[in-house]
2 protein chains.
Amino acid sequence: MSPDAPTTPRARARAAFRADLLAAARARIAAEGAAQLSLRALARDLGVASSAVYRYVESRDALLTLLIVEAYDEVADACERALAHAAARSATPGQTWLAVGRALRSWAVEHRHSYELIYGTPVPGYAAPRDTIAHATRVWAALATPLVDAHARGELGPSPADGRSDGLVAPLAIELARSLPGAGGPATAQAGSSEQVAALVVRSCTLFEALLGAVAAELFGHLTNVAADPARAFDITLASVAAGVGLRVELEG
Amino acid sequence: MSPDAPTTPRARARAAFRADLLAAARARIAAEGAAQLSLRALARDLGVASSAVYRYVESRDALLTLLIVEAYDEVADACERALAHAAARSATPGQTWLAVGRALRSWAVEHRHSYELIYGTPVPGYAAPRDTIAHATRVWAALATPLVDAHARGELGPSPADGRSDGLVAPLAIELARSLPGAGGPATAQAGSSEQVAALVVRSCTLFEALLGAVAAELFGHLTNVAADPARAFDITLASVAAGVGLRVELEG
DNA sequence: TCGGAAGCGTGAGCGGTGCTCTCGAATGAG
DNA sequence: CTCATTCGAGAGCACCGCTCACGCTTCCGA
């Protein structure tokens, strides 16, 4: 687990308390949301003076950063599990996209406040440290995999993005996309010109945005009194936006 | 303007102070965001004791509600202006959708914190009063207009939503959609069976969610280091999701 | 082995928040 | 002109993030 197991009693106690602190924070966020998270309340939960908390965490924002990274990893794990499961079933790219999207939605519904933490309104004076972006990228990579896979198979249909993607994507992002491991094997996406990669990145961003929008709309209540069956409506939305970027999704039923 | 102009000096002063209070709140929200809004700070801005503010506004949440309604109306106005302008140019439904989407994005970029207020993470213990939903509906209606228009013209292409929309939309929402004024004339959407209306509502929700997702992703920094030209990327996203629901968008260039 | 250094928890304290209440002054209706 | 209503001020309560000096405990190195 940990890179180095603490040996001295003091270090052991420190690690244990820190773990308790994080657990308490997770619990409070799950119960009340990140905005309500108070270090004083956490201190009370742990039966300790409020100032003692600052021995273990630099500030409230630092604690939130830790939990943000955890949340990114959790949702990325969920998406990658869905990806692996779909691959094991030899699912089509369309089915895989549906599975990944559903996984993200399920996680969001189940961990509503964690979802808000990472994809909701940014905390007021808070700027995401560099640490977080690597974890955030994992999610995007998982979402993009079905698209890249379909492209590799030559199954990708036309899209309004065709021929309009040059210069749209930052070079750094293209570099990053190239370095991603493909779904069907090692580095499927490496093949292709910069323009092809850019076109895929643009398409994947559209998918990413639409997916987050659909989840956010449902979670934040913009669909209450409209959608009678949110889960099915979500599937249709997934299929529709996929169709818009040339990815065919076969909806059963 | 006001339904009844205040005659007595006291009522006049009261209305004036209340207006000043709202103006100050708007300014602070634009500058620092809704989460930072503090009634004490507002009181300081106006040179008054903090308790005095409570003579004019029930609570912080009540003040936020007022500003939320205002924000909905602002963005709805912007969208409807874009709609009217497009109609005056005899724009195609696709061009109109692009114009409305751009209008919403522009407003969001320009009034970032107001956008967060209405479409971002809901305020912790805050539940939107009934008053707000009517105003929120205006925005959705504007966004749906190009779609309904295309349907009325018989220009709507196929979509994964086809034949899967029955039972997905709450009856109340169908009723509401039926009562909306159409774009090209009075109540275009009234024609059609419940199933046809439901299919349009499902499509419009997909558009709505994708649009909000695209704006949120850009505003909240999920595309930094990815999109080199956010405005153009946004257009392509709009066109892509529109294609997914059968609405053809002609992108120039 | 033992002394000093480092780590730790406590409690007071600063400035901030939302909100309530009382009190005296200003106001306006009858 | 009188008196009820309205208003602003200020104190106060409970909460927040965060800092700091203090004394106790633990550990490391000589």
Side-chain angles (χ1 to χ4, degrees), chain A residues 4-22 24-25 28-29 31-68 113 117 122-127 129, chain B residues 4-22 24-25 27-29 31-68 113 117 122-127:
Chain A
D4 48 345
T7 47
T8 120
R10 184 161 239 169
R12 180 181 302 271
R14 180 174 179 82
F17 185 87
R18 202 182 144 94
D20 288 353
L21 182 64
L22 289 180
R28 282 205 102 95
I29 281 193
E32 316 160 12
Q36 312 280 38
L37 185 65
S38 134
L39 292 190
R40 290 183 114 111
L42 247 43
R44 281 194 298 272
D45 288 351
L46 298 172
V48 95
S50 67
S51 54
V53 172
Y54 289 87
R55 299 277 185 200
Y56 298 89
V57 107
E58 200 175 340
S59 68
R60 184 177 179 275
D61 279 3
L63 176 59
L64 281 183
T65 299
L66 287 176
L67 297 168
I68 284 174
H113 291 117
L117 191 56
V123 180
Y126 178 81
Chain B
D4 49 346
T7 47
T8 118
R10 186 160 236 169
R12 178 182 302 273
R14 181 174 179 81
F17 185 87
R18 202 182 144 93
D20 288 352
L21 182 63
L22 288 181
R28 281 205 102 95
I29 281 193
E32 317 160 12
Q36 312 280 41
L37 184 66
S38 136
L39 292 189
R40 290 184 114 110
L42 248 42
R44 281 194 297 272
D45 288 351
L46 298 173
V48 96
S50 67
S51 55
V53 172
Y54 289 86
R55 299 275 184 199
Y56 298 90
V57 106
E58 200 175 340
S59 68
R60 184 178 179 274
D61 278 4
L63 176 58
L64 281 183
T65 299
L66 288 177
L67 297 168
I68 285 174
H113 292 116
L117 191 56
V123 180
Y126 179 81

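Chain letters run A, B, ... following the sequence lines, proteins first and then strands; every chain starts at 1.
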Trainee: Is any side-chain N or O of Arg60(B) closer than 4.0 Å to OP1 or OP2 of dC19(C)?
Mentor: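 For dC19(C), OP1/OP2 do not have a side-chain N/O of Arg60(B) under 4.0 Å.
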
Trainee: Restricting to pairs with a member in residues 45-56 of chain A, which pass side-chain hydrogen bond (donor to acceptor under 3.5 Å, both in side chains), not counting sequence neighbours?
Mentor: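 As it turns out, the side-chain hydrogen bond (donor to acceptor under 3.5 Å, both in side chains) pairs with a partner in residues 45-56 of chain A, which skip direct neighbours, are Arg28(A)-Asp45(A).
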
Trainee: Go nucleotide by nucleotide along DNA chain D from the 5' end; which of Ser51(A) and Ala41(A) gets its closest nucleotide reached first?
Mentor: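 Final value for this comparison: Ala41(A).
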
Trainee: Is any side-chain N or O of Arg44(B) closer than 4.0 Å to OP1 or OP2 of dT17(C)?
Mentor: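 Looking at the OP1 and OP2 atoms of dT17(C), one of them is under 4.0 Å from a side-chain N or O of Arg44(B).
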
Trainee: Rounded to whole angstroms, how far apart are CD on Glu32(B) and C1' on dG16(C)?
Mentor: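 After rounding, the reported distance stands at 13 Å.
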
Trainee: Who passes side-chain contact (heavy atoms from CB on, under 4.5 Å) against Arg10(A), sequence neighbours left out?
Mentor: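 Only Thr8(A) meet the side-chain contact (heavy atoms from CB on, under 4.5 Å) criterion with Arg10(A).
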
Trainee: What range of DNA chain D does chain B touch, first nucleotide to last, counting atoms under 4.0 Å from its heavy atoms?
Mentor: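 Counting from the 5' end, contacts occupy dT5(D) to dG12(D).
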
Trainee: Would you call Leu22(A) and Leu63(A) a side-chain contact if the rule is heavy atoms closer than 4.5 Å?
Mentor: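 A side-chain contact under 4.5 Å exists here.
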
Trainee: Between Arg40(A) (CZ) and dT17(C) (P), how many Å, whole number?
Mentor: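 My rounded result for the distance is 16 Å.
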
Trainee: Whole angstroms only, please: what is the CD-P distance between Glu58(B) and dT20(C)?
Mentor: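 About 9 Å, once rounded to whole Å.
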
Trainee: Between His113(B) and Ile29(B), is there a donor-acceptor pair closer than 3.5 Å when you use the side chain of the first and the backbone of the second?
Mentor: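 Yes; at least one donor-acceptor contact below 3.5 Å.
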
Trainee: Between dG9(C) atom P and Arg18(A) atom CZ, what is the distance in whole Å?
Mentor: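 In whole Å, dG9(C) P and Arg18(A) CZ are 13 Å from each other.
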
Trainee: Under the side chain to side chain contact (heavy atoms under 4.5 Å, CB included) rule, what do Thr65(B) and Arg60(B) come out as? Steps first, then yes or no, please.
Mentor: CA-CA 9 Å; Thr65(B) 299; Arg60(B) 184 178 179 274; over 6 Å; no

Trainee: Round to the nearest Å and state the distance from Tyr56(A) atom OH to dG9(C) atom C1'.
Mentor: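 To the nearest whole Å, that distance equals 8 Å.
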
Trainee: Between protein and nucleic acid, restricted to nucleotides 22-28 of chain C and to nitrogen or oxygen atoms under 3.5 Å apart, what atom pairs and distances do you find?
Mentor:
| residue | atom | partner | partner atom | Å |
| --- | --- | --- | --- | --- |
| dG28(C) | OP1 | Arg10(B) | N | 3.0 |

Trainee: Using whole Å, report how far CG of Leu39(B) lies from C1' of dG16(C).
Mentor: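 It works out to 13 Å between those atoms.
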
Trainee: Figure out the CG/P separation between Leu21(A) and dG9(C), and round it to whole Å.
Mentor: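 Value for this atom pair: 11 Å.
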
Trainee: In residues 37-44 of chain B, what donor-acceptor pairs under 3.5 Å come from side-chain atoms, sequence neighbours left out?
Mentor:
| residue | atom | partner | partner atom | Å |
| --- | --- | --- | --- | --- |
| Ser38(B) | OG | Arg40(B) | N | 3.2 |
| Ser38(B) | OG | Ala41(B) | N | 2.9 |

Trainee: To the nearest angstrom, how far is Leu37(B) atom CG from dT17(C) atom C1'?
Mentor: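 For the pair Leu37(B) CG and dT17(C) C1', the rounded distance is 12 Å.
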
Trainee: Would you kindly compare Arg14(A) and Tyr54(B) by the position of their nearest DNA chain C nucleotide and give the one closer to the 5′ end?
Mentor: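 Per heavy-atom nearest nucleotide, the more 5' residue is Arg14(A).
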
